[in-house]
Trainee: 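Dropping a structure here in structure tokens format, bear with me for questions.
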Amino acid sequence: MESLKSFFDVVSGWVWGPPMLVLIVGTGVVLTFLLKGLQFSMLGYALKQAFMPSHKRPDNGKEEGDISHFGALMTALSATIGTGNIAGVATAVVVGGPGAVFWMWITAIFGMATKYGEGVLAVKYRVTNKRGEMSGGPMYYIQNGLGKNWKWMAYAFALFGTFASFGIGSSVQSNSVAQAVETSFGIAGAYTGVVLTVFTAIVVLGGIRGIAKAASFIVPVMAVMYVLGGLAIIAFNLDMVAPAVNLIFSDAFTGQAAAGGALGAVIRYGVARGVFSNEAGMGSAPIAAAAAKTDHPVRQALVSMTGTFLDTIVVCSITGIVLVMGLLGAGGEFVKPELSGAALTTVTFDKLLPGIGGLVVTIGLIFFAYSTILGWCYYGEKCATYVFGEGFANVYRLFYVASVMLGTVLSLDLVWLASDTFNGLMALPNLIALLLLAKVIVSETKDFKQKIKSGELPR
């Protein structure tokens, strides 16, 4: 067991090393340039598309797909807004210093272009499976966009995605829920596991429509509750906001508060935690985007793009700013804490919003982790059925539900390392495909704009 842990520790360090982080951010930079900063010029339009009620949509009734734009966005957000927004940001601030928050923002800005590109390709190259459902994502745009010679890479992505789903998608999330419940309410992990497994089974055995329906309720409610809690802290401690934001910007280019005082640590942890949080470039979100009802790939891609904005620019920013506020010394300097992860976020929220703040984080962590379990079940199922065939869907769901229970009672050091590795390995074929199919993304974008301008497509 120890030798296996050592193996994955080495491989994970290599997979998530500087070359991967450069490739992830670099892909976003390239797409931003080719798309002429679309994430800035069309963000308002994209947000309007994302939150417009289905019955008021101009393309309502004219589109193909399984779920609404909003349902696809919430399914994707259910898998991305999770422990990374609470524990991941805290880890970045502790190890990388306050400046890591700035680099999370930079990653998200370019990540929006990456997420947009993933959405375009997901819808353009999606297919209808034997059950009449939409199937799409990196494995399909690699296979159908790049051709037969690249099919090995499509299988590699799907296989890595299948393995990753049992770790980062289910076991480690259910383990986080069990620990949070036991710490806050004194309930043993096994009891939490039974309840969580039953609720997971009820939702996921209903397929994408059940997952989207649950996510469309859970994600907005919990995100709003968490954001309001963070905004309340900011409002009640306005005198601390300016020093905190100033420290974030100044430390981003000096690295004085980072481990060892290295600027490289600030950038590395900011970029790494940003990617873990919003999953731009990972290849997971386009699997949900492919199920959306839409009349053009670009319309859904714009909606997908807002997921990165909401996840990192909104939710992670609130966590980061509140954490830095809570760690300011008397002279405005950064005081390195003894705690890290979710524990630090919980203590900081409770310190700045006594009696309520800690509860907001605990409840948020529980429901964010649960929604991640739901979203990743869909991702893993689509990856597994690509490799093993559509008949494997129900078998996969049963294994997935069982892994939720196991996560609440087992030690997960090895699972964390392994899923971390498979998560990174997923990104490699996806990023390569995005760069090779960049011309298609640009072409579809021009086509959409022309059709909107001519009136062929509703605005």
Side-chain angles (χ1 to χ4, degrees), residues 64-67 71-72 75-76 78-79 118-119 121-171 197 200-212 215 282-293 372-406 415 418-419 421-423 425-430 432-433 437:
E64 296 180 350
D66 300 324
I67 56 178
T75 301
S78 71
E118 290 176 324
L121 297 178
V123 177
K124 180 174 176 59
Y125 293 109
R126 67 186 179 180
V127 299
T128 303
N129 64 22
K130 294 178 181 178
R131 291 178 290 172
E133 298 172 343
M134 291 293 180
S135 292
M139 53 279 201
Y140 290 96
Y141 53 73
I142 291 171
Q143 172 189 308
N144 300 329
L146 296 178
K148 294 180 180 179
N149 292 337
W150 295 87
K151 197 166 183 178
W152 64 271
M153 198 164 74
Y155 275 106
F157 172 86
L159 198 60
F160 294 144
T162 302
F163 287 131
S165 70
F166 289 111
I168 204 71
S170 62
S171 298
T197 301
T200 300
I202 291 171
V203 176
V204 304
L205 295 180
I208 181 58
R209 290 180 177 84
I211 292 171
M282 300 284 291
S284 50
I287 299 175
K293 295 178 180 178
T372 299
I373 291 172
L374 300 183
W376 265 94
C377 179
Y378 181 67
Y379 295 163
E381 180 185 323
K382 287 301 181 183
C383 288
T385 53
Y386 183 86
V387 177
F388 303 107
E390 293 295 334
F392 193 73
N394 288 329
V395 176
Y396 170 83
R397 291 178 191 175
L398 289 174
F399 275 113
Y400 189 85
V401 169
S403 71
V404 173
M405 181 65 209
L406 287 174
V415 178
S419 57
T421 303
F422 288 123
N423 244 11
L425 290 172
M426 284 173 64
L428 277 172
N430 180 55
I432 292 170
L437 293 169

Trainee: Mind telling me whether Y379 and W376 have parallel, tilted or perpendicular rings, with 30° and 60° as the class edges?
Mentor: perpendicular

Trainee: So, R126 side chain and M134 main chain: donor-acceptor pair closer than 3.5 Å or not?
Mentor: no

Trainee: Quick one: SG on C383 to OH on Y378, what's the gap to the nearest 0.5 Å?
Mentor: 10.5 Å

Trainee: Once rounded to the nearest 0.5 Å, what's the spacing between atom OG1 of T162 and atom OH of Y155?
Mentor: 12.0 Å

Trainee: Just by modelled atom types, is the S171 backbone N or O under 3.5 Å from a matching donor or acceptor in the S403 side chain?
Mentor: no

Trainee: Just wondering, do V123 and P286 contact through their side chains at under 4.5 Å, heavy atoms?
Mentor: no

Trainee: Identify which one of T200, V401, V204, V203 satisfies the side-chain contact (heavy atoms from CB on, under 4.5 Å) criterion when paired with I373.
Mentor: T200

Trainee: Do K382 and N129 have side chains that get closer than 4.5 Å, going by heavy atoms?
Mentor: yes

Trainee: Taking the side chain from T197 and the backbone from V404, do they hold a donor-acceptor pair closer than 3.5 Å?
Mentor: no

Trainee: Nearest 0.5 Å, please: how far is CD in Q143 from NZ in K148?
Mentor: 10.0 Å

Trainee: Does the side chain of C377 reach to within under 4.5 Å of the side chain of S170, using non-hydrogen atoms?
Mentor: no

Trainee: Do F166 and Y396 come close enough that some side-chain heavy atom pair is under 4.5 Å?
Mentor: yes

Trainee: Between N430 and M282, is there a side-chain heavy-atom distance shorter than 4.5 Å?
Mentor: no

Trainee: Do the side chains of L146 and I432 get nearer than 4.5 Å, heavy atoms only?
Mentor: no

Trainee: Could you check, using the six-membered ring where one of them is a Trp, whether F157 and Y386 have ring centers closer than 6.0 angstrom?
Mentor: no

Trainee: Kindly compute the distance separating CD (E381) from CD (E390), expressed to the nearest 0.5 Å.
Mentor: 8.0 Å

Trainee: Counting only heavy atoms from other residues, nucleotides and ligands, does the tally under 6.0 Å from CZ of F392 exceed 12?
Mentor: yes

Trainee: Less than 4.5 Å apart, any side-chain heavy atom of E118 and any of Y141?
Mentor: yes

Trainee: Any chance you could measure N144, atom CG, to K124, atom NZ, to the nearest 0.5 Å?
Mentor: 10.5 Å

Trainee: For S284 and N423, what are the C-alpha separation, side-chain angles and deciding distance, and is it a side chain to side chain contact (heavy atoms under 4.5 Å, CB included)?
Mentor: CA-CA 9 Å; S284 50; N423 244 11; over 6 Å; no

Trainee: If I compare all heavy atoms of G145 with all of L437, which pair ends up nearest, and what's the gap?
Mentor: O-CD2, 3.7 Å

Trainee: Look up atom OG in S165 and atom CZ in F422, then write down how far apart they are to the nearest 0.5 Å.
Mentor: 10.5 Å

Trainee: Between A290 and G136, what is the shortest heavy-atom contact and its length?
Mentor: CB-CA, 3.4 Å

Trainee: For A289 and G119, work out which heavy atoms get closest and say how close.
Mentor: CB-CA, 4.4 Å

Trainee: So do the side chains of S135 and T385 get within less than 4.5 Å of each other, counting heavy atoms only?
Mentor: no

